[in-house]
Amino acid sequence: MNKLRKFLAVCIAGVMIASGTAEVYADGLGEAIEVNAGGIQTLPAKSCALMEVSTGKLLYAMNEHDTQPPASITKIMTLLLVMEALENQTISLDEMVTVSAHASSMGGSQIWLAEGEQMSVDDLLKATVVASANDAAVALAELVAGSEDVFVEMMNRRAQELGMRDTVFKNASGLDEEGHVSSAYDIAIMSCALLRHEKIKEYSTIWMDSLRNGETALVNTNKLVRFYDGCTGLKTGTTNDAGSCLSASAVRDGMELVAVSLGSANNDERFSSGRALLDYGFANFSIYTPEPDLSMLTPVPVQRGVSRQVAVYTDGLAPLVIPKGMAGNVQQEIRLIESVEAPVEEGQPLGRIRFVLNGEELANFTVRAAEPVEKMHFSYALQLLWKQLNGADIETDRSAS
């Protein structure tokens with residue numbers, strides 16, 4: 001029976017590959033939706049969110065905190081935990097996984113894993129990402145946590161750590177289950193977290209591939225991988241309760257976006273929604289890297305210190321997302337304290353630098369002491385007095401004890 005299923009899967013995939021798409025669309029993305037600087041026309045989805053990956057800035061949203069079944073987009077969290085396990089070296093890509101009866105029993109999208117069959121983590125990842133295979137996802141979950149139940153606890157704990165307040169996971173695959181819910185906003189958050197693991201893109205950008213020495217053909221369920229310029233993934237999902245869902249990612253001109261669309265009526269509408277969100281983001285926003293005016297970062301006077309002043313610096317100048325074409329309008333304001341009393345610790349906050357666009361603060365960063373300054377003590381004061389009486393340079397000798 002398993003061999004028959006595999007044969008049918010190859011035949012179906014062959015038809016899909018020959019036609020160039022699993023669904024019969026002109027370009028695989030659905031009907032175009034008008035996008036302009038004013039926004040997006042109403043999307044054919046229940047909720048959506050558009051987020052920039054490096055900053056986590058929300059650029060567009062509709063009902064983004066409404067909870068609903070997320071279908072196989074659930075696997076984004078499953079994949080995140082697998083990527084973290086790989087990074088922590090608790091599992092490896094070439095590790096062979098023996099499929100359990102539970103994993104092989106999964107319905108829905110699958111690669112028909114048989115109980116006792118062995119497959120590498122690498123191939124299970126490929127099946128999970130490209131084909132949205134529920135059996136492969138559960139096999140990975142069991143490898144990482146020992147059981148799917150324990151893995152689900154890990155999923156919910158990680159969701160809380162990421163600030164996903166609308167989400168409750170009940171399984172690792174995304175099959176419909178009472179109480180298994182998320183939101184467009186939360187899915188955008190976990191999508192950004194997953195995309196920060198560059199390794200995932202080696203799987204999420206695959207259009208066609210195969211497993212079992214060519215016996216099992218794979219075609220990506222995310223048609224944007226083939227048809228959308230700069231697409232880096234990420235995951236589709238479809239169930240009766242969830243409808244057609246999508247978390248799509250793409251990068252252009254150094255900016256990577258995640259577009260989440262939930263609850264569309266069909267595949268055509270979910271790809272239309274995803275494309276419209278990404279088009280809007282790339283048309284209206286860009287990455288701006290703050291560069292402080294070093295001439296304004298002047299030393300801060302030190303009171304009762306062995307040095308009369310301390311140099312300053314600012315760190316953590318992370319990229320910002322701004323409206324496209326507005327980089328020249330960004331202004332910066334640097335505010336330093338008038339003086340600081342010794343002792344001064346290296347890294348001690350001494351002021352703030354703000355980046356402002358049209359009166360609105362984009363971000364602010366801390367200005368810090370570049371070095372420590374000891375408090376003036378009696379013996380050091382005597383040394384200064386002796387140098388003064390002998391006509392020596394009275395500038396601070398910082399090597400003195």
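Counting from 1, the numbers follow the sequence of the chain as shown.
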Return yes when atom CG of N88 has more than 12 non-hydrogen atoms of other residues, nucleotides or ligands closer than 6.0 Å, and no otherwise.
yes
Is the side chain of T74 donor-acceptor paired with the backbone N or O of P70 at a distance under 3.5 Å, no angle test?
no
Any donor-acceptor pair under 3.5 Å linking the side chain of H180 with the backbone of F169?
no
Please work out whether the ring planes of Y280 and F285 are parallel, tilted or perpendicular, with thresholds of 30° and 60°.
perpendicular
D122 and Y203: side chain donor to acceptor below 3.5 Å
yes
Decide whether T238 and R270 meet the rule of one side-chain donor and one side-chain acceptor closer than 3.5 Å.
yes
Just by distance, with hydrogens left out, do Y228 and N222 show a side-chain donor and acceptor under 3.5 Å apart?
no
List the atom of Y313, the atom of A370, and the distance in Å for their closest heavy-atom pair.
CD2-CA, 3.6 Å
Taking 4.0 angstrom as the limit, do R158 and E84 come out as a salt bridge?
yes
Examine the side chains of T232 and S249 and answer whether a donor and an acceptor come within less than 3.5 Å of each other.
yes
I need the L234 CG to I76 CD1 distance, nearest 0.5 Å.
4.5 Å
May I ask you to check whether T55 and E52 show a side-chain donor-acceptor distance below 3.5 Å?
yes
More than 12 heavy atoms of other residues, nucleotides or ligands under 6.0 Å from CZ of R165: is that the case?
yes
With rounding to the nearest 0.5 angstrom, report the CD to OG distance, E64 to S183.
8.0 Å
Could you check whether the rings of F355 and F365 sit parallel, tilted or perpendicular, using 30° and 60° as the cut-offs?
perpendicular
Side chains of S147 and E142: any donor to acceptor distance under 3.5 Å?
no
Exercise: do D166 and T67 side chains pair donor with acceptor under 3.5 Å
no
Taking CD in E291 as the centre, count heavy atoms belonging to other residues, nucleotides or ligands within less than 6.0 Å. Is the count above 12?
no
Testing the basics here: between G254 and I287, what is the closest heavy-atom pair and its distance to 0.1 Å?
O-CG1, 3.9 Å
Would E256 and K201 count as a salt bridge (Lys or Arg N to Asp or Glu O under 4.0 Å) if you check the C-alpha gap in whole Å, the side-chain angles of each, and the deciding distance to 0.1 Å?
CA-CA 12 Å; E256 188 165 22; K201 297 174 188 176; 3.1 Å; yes
Rounded to the nearest 0.5 Å, what separation is found between the CE atom of M119 and the CD atom of E95?
14.5 Å
Looking at E345, I'd like to know if its CD atom is crowded, meaning that more than 12 non-hydrogen atoms belonging to other residues, nucleotides or ligands lie closer than 6.0 Å.
no
Could you go step by step and tell me if D94 and S92 meet the side chain to side chain donor-acceptor pair (under 3.5 Å) rule?
CA-CA 6 Å; D94 58 0; S92 63; 2.9 Å; yes
Check whether S47 reaches the backbone of M62 with its side chain - one donor and one acceptor, N or O, closer than 3.5 Å.
no
Examine the side chains of D293 and S295 and answer whether a donor and an acceptor come within less than 3.5 Å of each other.
yes
Measuring from M106:CE to D135:CG, what's the distance to the nearest 0.5 Å?
8.5 Å
V367 versus I353, closest heavy-atom pair with distance:
CG2-N, 4.1 Å
Side chain K46, main chain S264, donor-acceptor under 3.5 Å:
no
Answer with yes or no whether the side chains of S173 and K75 bring together a donor and an acceptor at under 3.5 Å.
no
Regarding R368 and D315, does a basic nitrogen lie under 4.0 Å from an acidic carboxylate oxygen?
yes
Minimum side-chain heavy-atom gap T289-L317 below 4.5 Å
no
E177 and N171 side chains, donor-acceptor separation under 3.5 Å
yes
Would E361 and R354 pass as an ion pair if we require N to O under 4.0 Å?
yes
CG of L262 to CG of L246, rounded to nearest 0.5 Å, is 9.0 Å
Go through the side-chain N and O atoms of K235 and S72 and say whether any donor and acceptor fall under 3.5 Å apart.
no
What verdict does the side chain to side chain donor-acceptor pair (under 3.5 Å) test give for S132 and S109, after you've listed the backbone C-alpha separation in whole Å, the side-chain angles of each residue and the deciding distance to 0.1 Å?
CA-CA 6 Å; S132 195; S109 300; 4.9 Å; no
Closer than 3.5 angstrom, by distance alone: can the side chain of N329 be matched with the main-chain N or O of L357 as a donor-acceptor pair?
no
Neighbour count >12 (heavy atoms, 6.0 Å) for atom NZ, K57
no
Would you call D209 and K126 a salt bridge, using N to O less than 4.0 angstrom?
yes
Are T239 and D176 close enough, and set up right, to give a side chain to side chain donor-acceptor pair (under 3.5 Å), and what steps lead you there?
CA-CA 7 Å; T239 64; D176 287 336; 2.7 Å; yes
So, the side chain of E269 versus the backbone of A265: is there a donor-acceptor pair under 3.5 Å, distance only?
yes
Side chain to side chain contact (heavy atoms under 4.5 Å, CB included) with A172: which residues, sequence neighbours excluded?
T78, A141, E148, F151, M155
If every non-hydrogen atom of V82 is compared with every non-hydrogen atom of L125, which pair is closest and at what distance?
CG1-CD2, 3.9 Å
Should S244 and N266 be marked as a side chain to side chain donor-acceptor pair (under 3.5 Å) after you check the CA-CA gap, both sets of side-chain angles, and the distance that decides it?
CA-CA 5 Å; S244 292; N266 52 56; over 6 Å; no
Between CD1 on residue I200 and CD on residue E202, distance to nearest 0.5 Å:
9.5 Å
Please give me the minimum heavy-atom distance between N220 and S204, naming the atom from each residue.
ND2-O, 3.5 Å
Keeping T167 on the side-chain end and M164 on the backbone end, is there a donor-acceptor pair under 3.5 Å?
no
Contact between R212 and I111 at the side-chain level, heavy atoms closer than 4.5 Å - yes or no?
yes
